[in-house]
Protein chains: 2
Amino acid sequence: MTGTVLRDWRSVKKEVLRRIHAREWKPGDMIPNETDLADEFGCARTTVNRALRSVAESGLLDRRRKAGTRVAEHPVARATLDIPLIRNEIEARGRKYGYQLIKKSTSVPPPAVSGAMRTMANSELLYIQALHLADDKPYVIEDRWINTKAVPCALEEPFEIISSNEWLLRYARYTHGDIAFSASSASEIHAKILCCPAHSALFVVDRLTWDGSNPVTKVTLLFAPGHQLRTEL
Amino acid sequence: MTGTVLRDWRSVKKEVLRRIHAREWKPGDMIPNETDLADEFGCARTTVNRALRSVAESGLLDRRRKAGTRVAEHPVARATLDIPLIRNEIEARGRKYGYQLIKKSTSVPPPAVSGAMRTMANSELLYIQALHLADDKPYVIEDRWINTKAVPCALEEPFEIISSNEWLLRYARYTHGDIAFSASSASEIHAKILCCPAHSALFVVDRLTWDGSNPVTKVTLLFAPGHQLRTEL
DNA sequence: CAGTGGTCTAGACCACGAT
DNA sequence: TCGTGGTCTAGACCACTGA
């Protein structure tokens, strides 16, 4: 018994979370079905559905038709990361944004890149290397390959003022992508650009973007030492 | 005109995404209101609402009452990461899981830890250091502080068979937490444990967990070189 | 087969916030 | 003020899947 009628899905969600955390419903337990809960809470089944769906999205409940709803045995922590434009990220921290183009060329990428992008091993791509700065200090190296077949007009953009990061967001279509986070040791060259000791541990983000089945771009971001990516969960 | 009636929210979502990707609705553009779209698609407003809400959750739409719905100017990429139990993570890759307790003590933590956990600077916490192995090779070091006031029964658990990672998930309450990803250079000690060269770049996950306003545990995971965290977006 | 969640509908009222 | 999205309702049908 809750004692009070729960009128909106947020209240229902809150009560469900309370029961899970208080172990009234233990991991592996089956919980009452939507109709019964709606009855108990004095609201429509739709409202309970909305609440349970929301809890399930966070990974704490397993729901299956016919089988019912159970409290997850091994609640995977689910973290949602927002990956903004680099400029926005820097400005959001109240720091001054700066940008420098380091290198730009049209060339045949190393096999690892053409392999990942599934482009012909001998076809040329646009290569951009640039540095983003926060308060005039090196913040991150952007190391990017662009498939000019997917974004032909990229060839006419100098990328001296606007970063490819920002330009692509504005002009390139994409449908999906994948992203990987890792750590890597700074090469002599990267260390020089980032003004840090060689072999420093760098936080690395790799991103591959597609428009349907066409590769659009592959980027590696090498962050200056000390960078953290945070989120709540 | 779509030509066909869209009967479910997934179809509506798909059509909305198509229009955004095809730039029929450009970044910054206002899109028709729910009632008009429902009319156009031949479905209930609720269905359109469900679809638009779903698209907005992925960051591609900005919705505000009265102001209406606009295509986001700077669509932040939003990645959802699942962070499973280490054992599950290893076994899901078809590798053999192994576990070794390295150190266990009750002691006063360094100020950085008591500060982050907001415990009294002189109060003792339970400290656990352990190694998780995949196919008998070092996979990740788990370096953890546990607030025994929040989880008293942790004092009676030897943690020689079950990792604290797993044990806490089963026996500790928590309501929320935060997580941070970064890179760090391997110390001599960590390098020895992970069987890698000193100063290797390690991928690091820091996690702080709360039960209401009570700190539960703080853990640092130091992954063996080469580790990647991937997701789709 | 039958029970459960998934979804749609039409209508209603409300909260927010741009103007 | 008042248009827009946010949500609730009651009822209905459907899809999946365990038994």
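What's counted below: heavy atoms across the whole structure, side chains too, no hydrogens, waters or symmetry copies. Throughout, protein chains are lettered first and strands after them, A, B, ... in sequence-line order, and every chain is numbered starting at 1.
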### Query
Is the phosphate of D:dT4, meaning OP1 or OP2, less than 4.0 Å from a side-chain N or O of B:T69?
no

### Task
With DNA chain D as reference, determine whether A:R65 or A:T46 sits nearer its 5' end, using the nearest nucleotide of each.
A:T46

### Summary
Taken to the nearest whole Å, CG/B:N33 to C1'/D:dC2 is 14 Å

### Message
Without decimals, in angstroms, what is the distance between B:N49 CG and C:dA12 P?
### Response
18 Å

### Query
Using 4.0 Å as the upper bound for N to carboxylate O, is an ion pair formed by A:R19 and A:E15?
yes

### Query
D:dT9 phosphate, OP1 or OP2: any side-chain N/O from A:R45 under 4.0 angstrom?
no

### Task
Remember a base hit wins even if backbone is also touched, and classify B:T35 as base, sugar-phosphate or nothing at under 4.0 Å, heavy atoms.
nothing

### Summary
Of A:A67 and A:R50, the one whose closest nucleotide on DNA chain D sits nearer the 5' end is A:R50

### Test item: A:N147 side-chain N/O and A:P215 main-chain N/O as donor-acceptor pair under 3.5 Å
yes

### Sole candidate of B:R144, B:E142, B:H227 that passes side chain to side chain contact (heavy atoms under 4.5 Å, CB included) when paired with B:L221
B:E142

### Message
So, does A:R10 get its side chain near the phosphate of D:dT7, meaning an N or O under 4.0 Å from OP1 or OP2?
### Response
yes

### Query
Quick one: on DNA chain C, does A:R64 or B:T47 contact a more 5' nucleotide (nearest heavy atom)?
A:R64

### Task
Let me know, please, whether B:G42 or A:E34 comes out on the 5' side of the other along DNA chain C by nearest nucleotide.
A:E34

### Message
Without decimals, in angstroms, what is the distance between A:R53 CZ and D:dC8 P?
### Response
11 Å

### Message
Check the phosphate of D:dG6 against B:R63, side-chain N and O only, distance under 4.0 Å to OP1 or OP2. Yes or no?
### Response
yes

### Query
What integer distance in Å separates B:R70:CZ from C:dA18:P?
11 Å

### Task
Examine the side chains of A:N49 and A:T46 and answer whether a donor and an acceptor come within less than 3.5 Å of each other.
no

### Query
Rounding to a whole Å, what distance do you find between A:E57:CD and C:dG6:P?
11 Å

